[in-house]
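Just so it is clear, the values below take in all heavy atoms, side chains as well, and ignore hydrogens, waters and symmetry mates.
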Amino acid sequence: MRYLRPLLVLGPVLAAACGDPFGLLRPSIDNVVDTVSLYALSGTPVTTASGYYLQFRETVRIDQGGTFDFAIDLDTAGRPVLLPTGALRLGRSSGVQGTALPFDSIRLAPDRGFQLDSAVTVDVGGRAIVHSQPTSCNIGLSAGYYYYAKLQILTVDTAARRIDFQILVDTNCGYRGLEPGLPSR
């Protein structure tokens with residue numbers, strides 16, 4: 001019985017810290033649209049950033065073994081190819097899916113339909129939705145939450161093998177809202 005008492009004290013504290021009945025913390029970070037440049041995995045020096053890490057909204061060099069959620073390359077026609085970790089044989093943990101919706105119309109990330117093992121080709125002007133590798137968000141023991149993002153390819157410099165895109169990442173763990181400002185879901 002004496003072990004039950006501390007659990008009863010913690011219960012209301014945890015519930016008060018949560019933002020919804022699913023145990024997510026209240027959103028506290030505004031979603032913003034950033035412009036990012038990444039270099040193709042192939043045909044560029046290994047010192048250039050080819051990957052993107054959603055949680056910290058940062059470009060990553062793949063050669064350093066750092067954490068990333070997708071990498072980018074160019075196909076033989078010079079079109080951008082988005083590669084989730086599974087497509088690079090690094091585990092089926094992040095996901096990518098193309099979408100025909102206009103960038104500003106994507107308001108909520110889907111909860112299914114992501115490519116985990118294969119690349120997604122996106123033309124200039126094309127859009128995609130990405131989810132991160134699973135995380136616990138520091139609110140639970142299991143890694144069952146994701147960070148979500150939408151992106152649109154702006155330009156491709158085939159000579160430099162550089163891809164410029166705009167991206168909006170929801171860094172409020174577990175939320176799927178993809179509009180500027182604080183997400184509501």
- Task: Kindly indicate, with the supporting measurements, whether the criterion side-chain contact (heavy atoms from CB on, under 4.5 Å) is fulfilled by V156 and L74.
- Result: CA-CA 9 Å; V156 174; L74 292 175; 3.8 Å; yes
When you check the side-chain N and O atoms of [X] and [Y], is any donor under 3.5 Å from an acceptor?
| X | Y | result |
| --- | --- | --- |
| S132 | D69 | no |
| Q97 | Q115 | no |
| T44 | R162 | no |

Nearest heavy-atom neighbours spanning [X] and [Y]:
| X | Y | value |
| --- | --- | --- |
| N31 | G177 | ND2-O, 3.2 Å |
| P27 | P183 | CG-O, 3.3 Å |
| A119 | A87 | N-CB, 4.0 Å |
| Y145 | S136 | CD1-O, 3.7 Å |
| P80 | I72 | CB-CD1, 4.4 Å |

Are any non-hydrogen side-chain atoms of [X] and [Y] less than 4.5 angstrom apart?
| X | Y | result |
| --- | --- | --- |
| V124 | T155 | no |
| I29 | R57 | yes |
| L116 | V96 | no |
| F56 | T67 | no |
| I163 | S37 | no |
| T48 | R61 | no |
| Y148 | L178 | yes |
| F103 | Q166 | yes |

- Determine, stepwise, if the pair T35 / L154 fulfils side-chain contact (heavy atoms from CB on, under 4.5 Å). CA-CA 9 Å; T35 301; L154 300 174; 4.0 Å; yes
Mark yes or no for whether [X], through its side chain, and [Y], through its backbone, hold a donor-acceptor pair below 3.5 Å.
| X | Y | answer |
| --- | --- | --- |
| S94 | T85 | yes |
| D75 | R79 | yes |
| R127 | L101 | yes |
| N172 | Y175 | no |

Can you tell me how far the [atom1] atom of [X] sits from the [atom2] atom of [Y], to the nearest 0.5 Å?
| X | Y | atom1 | atom2 | result |
| --- | --- | --- | --- | --- |
| D73 | L82 | CG | CG | 10.5 Å |
| Y146 | R176 | OH | CZ | 12.0 Å |
| Q55 | D170 | CD | CG | 12.0 Å |
| F68 | Y53 | CZ | OH | 11.5 Å |
| Q152 | I106 | CD | CD1 | 8.0 Å |
| L54 | I167 | CG | CD1 | 6.0 Å |

- Task: Give a yes or no on whether I62 and V81 share a hydrophobic cluster (residues Ile, Leu, Val, Met, Phe, Trp, Tyr; joining criterion: side-chain heavy atoms under 4.5 Å apart).
- Result: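 Yes.
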- Message: Taking V130 as the starting point, is it possible to reach L108 by hopping between hydrophobic residues whose side chains are less than 4.5 Å apart?
- Response: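 Not linked; separate clusters.
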- Item | Qualifying residue for side chain to side chain contact (heavy atoms under 4.5 Å, CB included) with T99, from V120, V122, I129 |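 So the option named by the test is I129.
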- Message: Pair S50, L38 - check side-chain contact (heavy atoms from CB on, under 4.5 Å), show working.
- Response: CA-CA 5 Å; S50 298; L38 286 178; 5.7 Å; no
- Between D117 and R89, is there a side-chain N and carboxylate O pair less than 4.0 Å apart?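 Looking at R89 together with D117, the answer is no, because their closest N to O distance does not fall below 4.0 Å.
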